[in-house]
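I have placed the structure first, in the form of C-alpha cells, so that the comments after it can refer back to it.
Every heavy atom of this structure was used, including side-chain atoms; hydrogens, water molecules and symmetry mates were not. Remember, it's a predicted structure, so these values are computed and weren't measured experimentally. In what follows, every chain begins at residue 1, and chains take the letters A, B, ... in the order their sequences are listed.
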Number of protein chains: 2
Amino acid sequence: MTLNAPNTGKANMTAESIASALSLAIHEHRLAPGTKLGEDDLSDIYGVSRTTVRTALLSLSHQQIIEIKRNRGAFVAQPSLIEAHEVFEARELLEPRTARSAALHATPDDVALLKDHITQEHAALDAGDRGRALYLSGKFHLEIARIAKQQTVADMINVLIARSSLIIALYWRRESALCESQAHHALIKAIGENDGTRSEELMQSHLVDLHSALNLHELPPVEQNLRAMLLGDAQR
Amino acid sequence: MTLNAPNTGKANMTAESIASALSLAIHEHRLAPGTKLGEDDLSDIYGVSRTTVRTALLSLSHQQIIEIKRNRGAFVAQPSLIEAHEVFEARELLEPRTARSAALHATPDDVALLKDHITQEHAALDAGDRGRALYLSGKFHLEIARIAKQQTVADMINVLIARSSLIIALYWRRESALCESQAHHALIKAIGENDGTRSEELMQSHLVDLHSALNLHELPPVEQNLRAMLLGDAQR
DNA sequence: GCACACAATATTGTATACAATCATGTTGTA
DNA sequence: TACAACATGATTGTATACAATATTGTGTGC
C-alpha cells in the first residue's frame with residue numbers, strides 16, 4: 001500500500017497531519033473509494049496511538065471524505081450518483097460568483113500564483129502522475145476562492161473539491177486528462193483582466209462541462225462493482 | 001448553568017447526542033459566545049468519559065460552532081465581523097436558488113410542515129422563549145433546503161445557520177424579534193404556489209434584510225467585551 | 001512595594017487497557 | 001451434505017491512567 005506521505009512514520013505526527021496525509025492520498029487516487037482504513041494499521045504506519053488515528057478519521061468523516069460505519073470501521077467514501085450530482089450542483093452555486101469576486105480582487109501576484117499552479121499541473125501530467133495533476137487541478141479552484149477573500153466559501157469549496165475527486169474516481173467518463181486545461185487558462189486570463197462577468201461565465205461553463213463528463217449510468221458502490229467483477233460486464 | 005437538554009445525565013449518551021445537546025444550547029443562546037466548555041465539567045454533566053466528550057467537541061469544532069484552542073480547551077465560537085459578513089454572503093449564494101428549487105419540488109405536505117414550523121415559532125415567542133424561537137427560525141431555512149432535495153447544500157446551510165445564531169448573539173441590532181415573520185409567511189405562500197422565481201427573490205431579499213440588521217461596528221471578541229464590561233460603555 | 005522567577009494546581013493531549021461488537025471458522029445435527 | 005448454532009479471533013468503542021502544557025499562586029530579591 002502506498003501511504004507514503006511526506007513525513008510518514010516520522011515523529012511529531014499529529015492528528016491533523018495524519019488527516020492531511022490521508023486526504024492527499026485520497027485526492028491523488030492512491031486510495032480508492034471503498035478502501036478500509038483500519039485503525040491498528042494506521043497507528044502502526046504513522047507511529048501514534050489509535051486515539052490520534054481516530055481523531056484524524058473523525059475529521060475526515062466530517063468532510064465526508066471517508067465514511068465511518070459504527071463498529072465496522074472507516075472506509076474511503078463512495079459517493080452515490082445522487083451525491084455526485086449534488087456536489088456539482090453545489091459547486092455551480094458557489095464557484096461562479098466566487099470567481100467573479102476573485103477577478104475583482106486579483107492582484108498581479110495572485111495571477112502569477114495561478115499560472116504557477118497550472119505549470120505544476122502540466123509538469124505532473126508530463127511525469128505521468130495523473131493523481132497529482134488532479135489534486136493540483138482541485139487546488140486551482142480553491143486558490144480562486146482564496147483570492148476572492150472569502151474563507152467561509154473557500155472552506156466549503158475545499159470539501160466539495162475533495163468529494164469531487166472521489167466522484168471522478170467513480171464516475172469519470174472522458175479519457176483525456178487535459179480537457180480542462182483550456183478552461184483554466186481562459187479563467188486565468190479573465191481574472192488577470194479583472195473581468196468579473198467573464199470569469200463568472202467561464203467558471204459556470206467549466207463546471208457544467210465537468211458535471212457533464214460524469215458517466216451517469218455507472219453503478220458505483222462496491223456491491224454492484226462486485227457483481228460486475230464476478231459476472232462480467234454483460235450483467236451490467 | 002442551563003445545559004438541561006432532553007436527556008441530560010441519562011444513560012446511552014453518545015458523542016452525537018452530546019454534540020446535539022450542546023449545539024441546541026448554543027443555537028438557543030443558552031450558551032453565550034466565548035463560554036468555556038471544560039471537558040471534565042461536560043463528562044460529569046453527561047455521565048460519560050472525557051473521550052466521548054472530546055469526540056463531541058471535535059464534531060462541533062468542525063462546524064465552527066466552537067473553537068478548540070490547543071492545550072487550552074473548547075470555547076463557544078465568537079465569529080469576527082468579517083466572518084459574519086462571509087457567512088451571510090455564503091447564505092446569499094446558496095439559499096435563494098435553493099428556495100427556487102424547493103418551490104418547484106414542494107408538495108402540500110411540505111407546505112403544511114413549513115406552516116407548522118412558523119406556528120411553533122410564534123408559540124415560543126408568546127412563551128417568551130426568544131432562544132427557541134430563533135432556533136426554530138433557523139430550522140425553517142433548513143427545512144426549505146430539505147424540500148429542495150439537496151442534502152449536500154442542506155448540510156452547508158445547516159452549518160451556516162448555526163454560525164448565524166452566534167453572529168446574531170454578537171451583532172444583532174434590531175429590537176423586534178418578529179421582524180422576519182412576514183418574510184417567512186411570504187416565502188411559504190410563494191413556495192405553496194410553486195412560484196420558483198418569486199421564492200428566490202423573497203429569500204434573497206430576506207437574507208439581505210437579515211444581513212443589514214447586523215450592527216457592523218460593534219466590537220465583539222471577549223477581549224474587547226471585557227474592556228467594555230470593566231471600563232463602561234464610554235470606552236467603546 | 002513591585003516585578004520577576006519559581007512552584008503548585010488544574011486542564012488538556014496522548015497512550016494504554018478493558019468492554020462490546022462484528023466477522024469468520026468450526027462443529028453438531030437433521 | 002446443508003444448515004444452524006456456537007465459539008473464536010479480530011476490530012472498534014469507551015474508560016482510565018499517565019504525560020505535557022497552561023494557568024495561577026506564592027515567595028524572593030531588589
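Distance B:Arg50 CZ to D:dA19 P: 15 Å, rounded to the nearest Å. Regarding B:Met13, its CE atom lies at a distance of 16 Å from the C1' atom of D:dG13, rounded to whole Å. In this structure, B:Arg70 atom CZ and D:dT23 atom C1' are separated by 17 Å, rounded to whole Å. Atom CD1 of B:Ile18 is separated from atom P of D:dG13 by 15 Å (rounded to the nearest Å). Protein atom CZ of B:Phe75 is 11 Å distant from nucleotide atom C1' of C:dT12, rounded to whole Å. The distance between atom CG of A:Asp44 and atom P of D:dT12, rounded to the nearest whole Å, is 12 Å. Look at CD on B:Glu16: it is 14 Å from C1' on D:dG13, rounded to the nearest Å. The nearest whole Å value for the distance from the CG atom in A:Asp41 to the P atom in D:dT11 is 7 Å.
Looking only at side-chain heavy atoms (C-beta outward), B:Ser165 and B:Leu134 come within less than 4.5 Å of each other.
At least one side-chain nitrogen or oxygen of B:Thr52 sits closer than 4.0 Å to the OP1 or OP2 atom of D:dA15. For the pair B:Lys36 and C:dT12, the criterion of a side-chain N or O lying under 4.0 Å from OP1 or OP2 is met. Under 4.0 angstrom from either OP1 or OP2 of C:dA15 there lies no side-chain N or O belonging to B:Arg54.
Between the side chains of A:Thr119 and A:Asp116, no donor-acceptor pair is found at a separation under 3.5 Å.
Among D:dT23, D:dT16, C:dT14, the nucleotide with an atom closest to any side-chain atom of B:Arg72 is D:dT23. Checking C:dG13, D:dA15, C:dA15 against the side-chain heavy atoms of B:Glu39 singles out C:dG13 as nearest.
Ring pair A:His85/A:His211 is tilted by interplanar angle, where 30° to 60° counts as tilted. By the 30° and 60° cut-offs, the orientation of the rings of B:His206 relative to B:His184 is perpendicular.
Under the 3.5 Å distance criterion, the side-chain polar atoms of B:Glu86 are matched with a main-chain donor or acceptor of A:Gln151.
Heavy-atom distances to DNA chain C give each of A:Val48 and A:Asn71 a nearest nucleotide, and the one nearer the 5′ end belongs to A:Val48.
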